[in-house]
Novice: 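Encoded as C-alpha cells, here's the structure I'll be asking about.
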Amino acid sequence: MAGRARVRARGFTRSPSASEVGYLQASPSPESADLRDNEASSSSGFEDTSRISQQHVVSSGYAECALMKRGGKTFPDVMDLGVCTREKFAHVRDSKTGSSGIPVKLVTNLFSLDLPQDWKLYQYHVTYMPDLESRSMRIALLYSQKELSSKAKAFDGAILFLSEKLEEKVTELSSETRRGETVKLTITLTGELPASSPVCIQVFNIIFKKILKKLSMYQIGRNFYKPSEPVEIPQHKLSLWPGFAISVSYFENKLLFSANVSYKVLRNETVLEFMTALCYQTGMSSFTQMCEKQLVGLIVLTRYNNRTYRVDDIDWSVKPTHSFQKRDGSEITYVDYYKQQYDITLSDLHQPMLVSLLKSKRNDVEARMVHLIPELCFLTGLTSQATSDFQLMKAVAEETRLSPQGRQQRLARLADDIQRNKDARFELETWGLHFGCQMSLTGRVVPSEKILMRDHICQPVSAADWSKDIRSCKVLSAQSLSKWLIICSSRAESMIEHFLSCLRRVGSSMGFNVDYPKILKVQESTAAFFGALQKHVDPDVQLVMCILPSTQQNYYESIKKYLSSDCPVPSQCVLVRTLSKQGMMMSIATKIAMQMTCKLGGELWAVEIPLKSLMVVGIDVCKDAFNKGMVVVGFVASINLRITRWFSRCILQRTTTEIADCLKVFMIGALNKWYEYNHGLPARIIVYRDGVGNGQLQTLLEYEVPQLLSSVTEASSNASSKLSVIVVRKRCMPRFFVEQNRALQNPPLGTVVDSEATRPEWYDFYLVSQAACRGTVNPTYYNVIYDDNGLKPDHMQRLTFKLCHLYYNWPGLVSIPAPCQYAHKLTFLVAQSIHKEPSLELANSLFYL
Amino acid sequence: MAQSNNKEGHGVVDGHLDLPVKKVINFSPPLYRQRYSFVNDLVNQHKPKKVADLGCGNASLIQMIKSHSCLELIVGVDINKDKIGSQRCRLSPFSGEYLSPRDLNLSIILYHGSAVERDSRLLGFDLVTCIELIEHLDSEDLARFPEVVFGYLSPAMVVISTPNSDFNPLFPAVTMRDSDHKFEWNRKQFQTWASGVADFYNYSVEFTGVGEPPEGAGNVGYCTQIGVFRKTGAPATEPCVAEQSGQHVYKIVYSVSYPSLQQKEIRKLAVANEVSRQVQSLRQRYVSSLRILRRGDGDGHRASDPGLVPFSGPVFTELEKRKIEKSPEPFRFGNKLYVPLERLLAYPKVNRLCDSVDTMRALIADSVRLSRDGSAVKVDLREASP
C-alpha cells in the first residue's frame, strides 16, 4: 500500500485505491451512516402532510411535479420522475434488457405493495370561509368532521388526499371554532390520481413515515432510528443508532417499498467535556483561542429540549450564576432557571457560556441572542478531525458494517414489525395497501474480461484483484525514469536505499526502467521541503518523490499545489511510516511503481473493446472543501483506440449547483487531442456523468447535454461523432443478494439487473462491479439519458463493465467506469488540496493518481 | 402581569365620536403557560412520583413537567381522542435522554376516557391536575366529578383551575371565554363549591390563581382561579390489587417508557461512557504533565494563577477533592497508563452510577479494557493520531 494511498484513505472513502477497496462498502458511506450529518434534531415540527404542496393538481404526469414545490423548495426525487427519457430512444422502446451472461436469481431489499386494481387517490382542495391563517386550526377543524373521521386521509391545511371518493364533487361542511365562530369548509375534488403518479408516491412515503413512527422509531432527517437498541463506542464517545432509510417508489410495473439499514452517529460528549479535554491538551495560555477556533460554527444539541443551535461565540464573562431576564421581565440566574424549568442541577458554576444567534422566522424582527450552558449541550456531527481519525472510523465501520445475512435479518424484522403491529396494519388497510413479500428477480452475470498486458493475455482468478496474476507481466508501455528527485528528511534516509532497490527490481519486471535519483535531505518542516522544491525542480525533472514525515495535511497540500500548477512536474508523495513497514516493501514498491508509470504517461493494461474509434469520457463534480461557493468540475477523456491514455482537465467554477458550465471547452480540447493522436475524430463518444444530485436530471438534459452536443457538431463539418450520456449513481436504494447454502451473500462481480427494479420511463440498469470483502455491496446505477449511438442495451452494459477494469490505481474492478473514477480522483485532489486549476501541461498524464 | 396593548383610544366613525374601545388584555407569558408554570412549580416543590393530568388535551402540560427527576409515572386523560394523538410524538424521549439517561424509570401513558369515569389504573397518585377542565362538564358530570376524583382516585393532592368570571368584564366580549364552556364561576361560586368538596372528602383547600389584572382594574381577582387541595390526615393505604384489576375503562392511546439508570443495559452504557471519559481525561492530564515537565517552562505555574484562568475544568467540593486525593493514583507501566478502579470511584460522576469497585467492574468488563487483575483500567499512552 502506497503511503500516499494511506494518506488519502483517511478522511476519504470513495476512491478504491489499494487501501480502500475492501473497505469501500464497509466504510460508513454517507448512506449507511450519516456521519457528516449535523441535523440532529428530528423534524417533528413538521406535520406529516406538510410536504405536499398547496398548489392545485389537475392532470397527472410531469405537470404534477410543479405541485411538489413548497415555498420554492422542490422535492428532488419526485422531480426526476417526471423526466421521461426512454420514450425518445427507438432502440430501447420495447426492451431495454441485455442478453449475455448467465442468469442469476437475486433476492432484493424491495417489498411489493399491493393495491386493488382500480385504486385511485382522490385529491381535494379545501377552502375556509372565513379564511383561517393558522394551519393547525385548519387541520383541527377538518379532522373534527364526522364525515371524514373514518376515512384514510392526509391533509396539509389546503390539499386533502382521500383513498375513497366523497359522494359529491363539492362538499360543503360547517364547523365551529372554540371561540364559537362558524366556519364553512368547502372541499372540492381537483384530481383523481393513479397509483403510479408522482403525487401518490409522495403520499405513500408519508404513510410509511407514519407507520415507522408507530413502530416507535425516531425520525432524524429523512431516516428512522431505534434509540432503544444503541451501539456504543465509549472510547470515541459515540453512540450509534440502528435504523432504516426507507422509500416507496414505482418500479418497472409495481409499487415497491425499499428499506436500507442506516446508522445515526450521535456524539456522547458535552461541550463542557470537550472544553475540559481541550484545556488539558493545549494548556491555559492558548486555551480560549483554541476553544473558540474549535467550537465556533459547530452545531450543538441541547439535552433538555432537543433543539439544535449553532455556536456563534463564547462569552467568557458570563457564568451560570449570573442572572438573565426572562420573557416576563423577571430576573433569574441560569442555575435557578434550569433547576426550576428542567430540574437540572449544574455541576460547574464557572463554565463560560456559548452564544447562539437565533434567526427569526419573520424577517422584520432582529436576531435574538441566547446563552447556552456548555454542560447541557451535546456536540453533534463528526468533525473533519474525527473523520480523519483512522481508529475512530475503523471502530464505526466495524459496528455499522453488516454482512448480507445480517442485513437480511434486519430487513425481515422490519417487515415483520410492519405486518404485525396493529396500528401499522390498520394504517395500511385504511389506505387499501397490502404489504407483500420480499421480491426476488433474475439478473445476469456478464462474462468476465481478460486483461491485456504487453505480451501476455491474462484471465484473472478474481476480477476483484488481479495484482498476483500480472506480477510477472510487463505493462503496456512505460517511459524510462532517468532524471528524478527524492526529497526526504534525514530520519527517512536509512530506508531509502532499501526502498530504491525494491523499486528498481519491481520496475524492471514490469518493464519500467528506473534510474538512480538525486536525493535531497532536508529538515522536517514544510518550509524546508518547499524550499528544496523551489531550488531543485526544473522543467527537465521528470518526477519528484517526497518522503513525508507525517500525515499532516500541510506537507501534502503545499507540495501538490506547487507541483500541479506553479511548476507542473509529476509528483509522488510517500509516508515515512509506509516505507518503514517491514515485509511489505515489495508490494508497496509495486504499487508506487505503477503510479509513477501512469504519472509519466505510461499505460498499464487494457481490455478488449470491440468498438473501434470510441472515446469514453468521465465527468465528476465535487464541492471545494474550503470555499463553499465553488465547485470543482473534472473531465477525463480517453484519447486512443485502446482506451489506455487519458486527457484530464479540471476547473473551479463559482456556483452553488453541481451543474458544469465548461464542458464545451473541455470537449473541444479532448477532440483536438484525439485528432492529434488518431488523425480523425472518434465515431462514438460515450460520456459517464457522476456527481449528479437528486432532481437534476432535467437540468442535465437542458444544460449539459447541449454543451456536449454543440462541441461535437462544431468539431466536424460532415459526419459528426455520435454521443451518449449516462448518469452514474453510486447511491441507490436497491440491494441485491444471492442465496447460497441457505444464507445470503453478495452477488458475483458483473451482475447486471435491468428489469423489475428499474424504472419504466428510463433506459437504466444496475451493475455490480466492485467486490466487498466485508459488508454489503452497493450496486451502481446507470441511467442513459441521451443516446445517439443506439448500441444494444447488452453492448452498453458490457462496455460499462469493461470500463470498470481500467482504473490504474487499483489492479482490479472498481465500482464505476474508470473515466469517472479518474475524474473523481482529480476533482477530489483539487477540492481538498490544490484549490486551483492544475496546469494544462499535465493534462496528458494521470498526474493525480 | 397583564398588559394592555395600543388598541386603546377613541375610534372615529363617520365623524361621530365612538365609545372608547375596550382594552385588549394580553398576558405575558401567555395565560396557559402561566397555568402550566404553576403546576411545574408545584411539582418542583412537592416532588410527586405519580402525576395524572385529567383533560390533558394535546399533552403540553405533560411535555413541560416531564423533565422532573422525581417523576416515575405521568398519565394524561382526555375525552377527545384526536387531540390526545396530535402531539404525542413530542412526549417520546429526546436523543439527549439516551445520551444522559435519567436516574429513575419514567413512563408516560395517555388514555382516552372521561374524567368522571372510574379507572383503577389512576389510583394511588400523588398529584392529579384538572387544568381548565370543570367548566367543560355539564351539570350531571360536574356532580359526579368530586366523587370520582376525590372519593375514588383520592390522590394526595388535586389542582383545579377554572376561569374567574369576575375578571370577564375586562374582556371585550362579555359572554363566556369558550363556546364549549358550560359555566364560568366567579370567585365566590368556585370557592363555595371547592370548600364543600374539600370538607366532604377530607381535603384542605387553598385558593390562588394566575393572570393578574391590569393596574387600576379593581378587585377582580386572577384571570384564572386555582384551588389546591391537599388530603388531610394520614395518607390512605394503597388500594389492594384485587380492586385494581377491576376497572379498566380507559383506552390506552399512547405509552412510552424512558431510558433510565434503573435499566441494566442503560446503566452499563452510562458507566462505560463515564469511566472512559474519566480515563481519557486522566490520560490527557498525564500526557500534558509530562510535556510540561519536559519543557520545564512556567506554563504549568501560570495555569494555577486564577487571574489568568477563564476556565477551570471540573469543580469538586472539598470533600470530593479529599476523596480523590486519598484514592490510589494512576500509574504508568511501559506504554500503558493504569487507572485504578478505586480512583475512578472517587469521582462523583462515576460514584453516582456505581457504589463499589465490584459493581463497576461487572458493569464495564465487556466494554473497557482492564488490567490483568481487574483492578485498573488500562489505556495506551501513545498518541492515537497526530
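Throughout, protein chains are lettered first and strands after them, A, B, ... in sequence-line order, and every chain is numbered starting at 1. These numbers were taken from a predicted model, which means no experiment stands behind them.
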Novice: Look up atom CG in A/Asp343 and atom CZ in B/Arg102, then write down how far apart they are to the nearest 0.5 Å.
Specialist: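 Reported to 0.5 Å precision, the distance equals 8.5 Å.
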Novice: Who passes salt bridge (charged side-chain N to carboxylate O under 4.0 Å, His left out) against B/Lys349, sequence neighbours left out?
Specialist: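 By the salt bridge (charged side-chain N to carboxylate O under 4.0 Å, His left out) rule, B/Lys349 matches no residue at all.
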Novice: Just how far is it from atom CG of A/Asn268 to atom OG of B/Ser276, taken to the nearest 0.5 Å?
Specialist: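 So the gap between those two atoms works out to 9.0 Å.
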Novice: How about B/Lys251: does its NZ atom have over 12 heavy atoms from other parts shown lying under 6.0 Å from it?
Specialist: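 Count not over threshold, so no.
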Novice: For A/Gln341, is it the side chain, the backbone, both, or neither that has a heavy atom closer than 4.5 Å to a heavy atom of chain B?
Specialist: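 Answer is both: backbone and side chain atoms of A/Gln341 are under 4.5 Å from chain B.
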Novice: What is the distance from atom OG of B/Ser100 to atom CD1 of A/Ile344, rounded to the nearest 0.5 Å?
Specialist: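 It is 7.5 Å, given to the nearest 0.5 Å.
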Novice: Taking NZ in A/Lys151 as the centre, count heavy atoms belonging to other residues, nucleotides or ligands within less than 6.0 Å. Is the count above 12?
Specialist: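 Result for NZ/A/Lys151: enclosed.
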Novice: Using non-hydrogen atoms and a 4.5 Å limit, figure out which bit of A/Pro227 sits close to chain B: side chain, backbone, both or neither.
Specialist: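 Both backbone and side chain of A/Pro227 come within 4.5 Å of chain B.
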Novice: Answer yes or no: is there a side-chain heavy-atom contact under 4.5 Å between B/Phe94 and A/Tyr304?
Specialist: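 Sidechains of A/Tyr304 and B/Phe94: no contact.
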Novice: Under 4.5 Å, counting heavy-atom pairs only, tell me which of B/Val256, B/Leu269, B/Ile65 racks up the most with chain A.
Specialist: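 Maximum pair count with chain A is reached by B/Leu269.
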Novice: Work out which heavy atom in B/Asn273 is nearest to a heavy atom in A/Glu232; give both atom names and the distance.
Specialist: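 Shortest heavy-atom separation between B/Asn273 and A/Glu232 comes out as ND2-OE1, 3.1 Å.
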Novice: Would B/Arg277 and A/Glu273 pass as an ion pair if we require N to O under 4.0 Å?
Specialist: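 Yes, this pair counts.
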Novice: Taking side chain as everything from C-beta outward and backbone as N, CA, C, O, which of these in B/Ser67 sits under 4.5 Å from a heavy atom of chain A? Side chain, backbone, both or neither.
Specialist: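 Contact with chain A is through both the backbone and side chain of B/Ser67.
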Novice: Measuring only between side-chain heavy atoms, which start at C-beta, is B/Pro93 closer than 4.5 Å to A/Tyr218?
Specialist: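 A side-chain contact is absent here, since even the closest heavy-atom pair is not under 4.5 Å.
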Novice: With a 4.5 angstrom heavy-atom cut-off, which part of B/Pro259 approaches chain A: side chain, backbone, both or neither?
Specialist: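 Nothing of B/Pro259, per the 4.5 Å heavy-atom cut-off to chain A.
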Novice: Which distance, rounded to the nearest 0.5 Å, do you find between the CE of B/Met64 and the CG of A/Asn305?
Specialist: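 Those atoms lie 12.5 Å apart.
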Novice: Between chain A and each of B/Ser37, B/Ala272, B/Ser69, count heavy-atom pairs under 4.5 Å; write down the option with the most.
Specialist: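 Highest number of pairs under 4.5 Å: B/Ser69.
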Novice: Considering only heavy atoms, which portion of A/Tyr342 lies under 4.5 Å from any heavy atom of chain B: side chain, backbone, both, or neither?
Specialist: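 Both backbone and side chain of A/Tyr342 come within 4.5 Å of chain B.
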Novice: Quick check: closest heavy atoms across A/Gln340 and B/His68, and the distance to 0.1 Å?
Specialist: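 Between these two residues, the closest heavy atoms are O-CE1, 3.8 Å.
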Novice: Sequence neighbours excluded, which residues qualify as side-chain hydrogen bond (donor to acceptor under 3.5 Å, both in side chains) partners of A/Arg138?
Specialist: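 Scan of A/Arg138 (side-chain hydrogen bond (donor to acceptor under 3.5 Å, both in side chains), adjacent residues dropped) gives A/Asp131.
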Novice: Side chain, backbone, both or neither: which part of B/Lys268 has an atom under 4.5 Å from a heavy atom of chain A?
Specialist: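 Neither part.
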Novice: Any side-chain heavy-atom pair from A/Ser239 and B/Leu99 closer than 4.5 angstrom?
Specialist: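 Yes - at least one pair of side-chain heavy atoms lies under 4.5 Å apart.
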